[in-house]
Amino acid sequence: MRKNNGGHGGVIINISSLAGLTPAAYQPVYSASKHGVIGFTRSIAALASIGNYGVRINSVCPAFVDTPLLESIEKEENMGELFKYKDRIKDMMKCYGVLDPSLIAKGMIDLIEDDASNGAVMKITTSRGIHFEEFGVQQKTKI
Ligand SMILES: NC(=O)C1=CN([C@@H]2O[C@H](COP(=O)(O)OP(=O)(O)OC[C@H]3O[C@@H](n4cnc5c(N)ncnc54)[C@H](O)[C@@H]3O)[C@@H](O)[C@H]2O)C=CC1
Ligand SMILES: CC/C=C\C[C@H](O)[C@H](O)/C=C/C=C/C=C\C=C\C(=O)C/C=C\CCC(=O)O
């Protein structure tokens with residue numbers, strides 16, 4: 001895919017979660033993995049820029065989305081010892097709302113079409129729609 005490796009360039013979108021930016025008390029391992037997705041995305045995006053890969057790498061962090069994944073909280077074999085907190089997760093869904101998957105698709109198309117986006121961390125919530133996490137200035141510079 002890399003232009004400097006015989007490829008044609010392109011765009012990669014890694015799927016993180018809002019749980020990759022905030023603590024998620026009832027999903028600690030999931031949250032850790034999603035924090036990792038963001039760190040990896042931003043790091044490889046910086047490398048792609050420095051190395052002139054012609055590839056842009058961005059990430060998307062939705063809040064709760066209406067997909068079969070949300071049904072996993074109803075199964076004790078998925079939740080393990082955190083199963084006892086399932087009603088608290090459901091309360092969070094009621095509080096924050098559940099997004100339609102079409103809004104995630106729109107956010108991803110925006111990232112594909114925006115030639116300037118690289119290392120972006122897009123957040124999607126019912127309250128604010130599509131918006132971006134802002135990081136410190138020093139983290140945006142090429143070092
Ligand atoms: N649904 C939600 O509330 C949110 C989901 N996400 C993330 O969005 C992504 C997609 O999740 P959903 O569509 O909600 O889940 P989903 O459970 O509805 O769909 C996941 C899909 O991945 C496939 N899959 C699972 N393991 C695989 C493997 N090893 N190789 C290939 N395919 C595999 C499954 O067959 C399924 O089609 C996930 O990374 C999830 O963490 C992020 C934020 C919110
Ligand atoms: C076991 C639960 C199953 C799946 C969870 C989902 O996969 C998903 O990844 C988890 C989402 C967690 C979301 C947590 C908080 C959501 C908060 C809001 O929607 C809004 C709050 C603040 C917005 C602030 C901002 O936009 O910066």
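Remember, it's 1-based here, ligands and their atoms both numbered in the order they're listed. All values below were derived from every heavy atom in this structure, side-chain atoms included, with hydrogens, water molecules and symmetry-related copies excluded. Here, residue 1 is the first one in the sequence, and each next residue gets the next number.
- Within the structure, the closest approach of H131 to ligand 2 falls below 4.0 Å when heavy atoms are considered.
- When non-hydrogen atoms are compared, ligand 2 lies under 4.0 Å from neither the backbone nor the side chain of E133.
- Within the cation-pi definition used here (under 6.0 Å to the ring centroid, within 45° of the axis), R42 qualifies as a partner of F135.
- Looking at ligand 2, you won't find any N or O of Y96 less than 3.5 Å from one of its N or O atoms.
- For K3, the NZ atom counts as loosely surrounded, since its 6.0 Å shell holds 12 or fewer non-hydrogen atoms of other residues, nucleotides or ligands.
- In this structure, Y30 is part of the shell of residues with a heavy atom less than 4.0 angstrom from ligand 2.
- Considering backbone and side-chain N/O atoms, S17 comes within less than 3.5 Å of an N/O atom of ligand 2.
- Contact of the L99 side chain with the T126 side chain is registered, since non-hydrogen atoms from C-beta on lie closer than 4.5 Å.
- Protein heavy atoms are found less than 4.0 angstrom from atom 25 (C) of ligand 2.
- When the side-chain hydrogen bond (donor to acceptor under 3.5 Å, both in side chains) test is applied to T41, the partners found at least two apart in sequence or on another chain are N14.
- Taking 4.0 Å as the cut-off between side-chain N and carboxylate O, E74 and K90 count as a salt-bridged pair.
- Within a 4.0 Å radius of atom 20 (C) of ligand 2, the protein has at least one heavy atom.
- Shortest contact from atom 14 (C) of ligand 2 to any protein heavy atom: M92 CE, 4.0 Å.
- Within 4.0 Å of ligand 1, heavy atoms belong to protein residues I15, S16, S17, Y30, K34, P62, A63, F64, V65, T67, P68, L69, L70.
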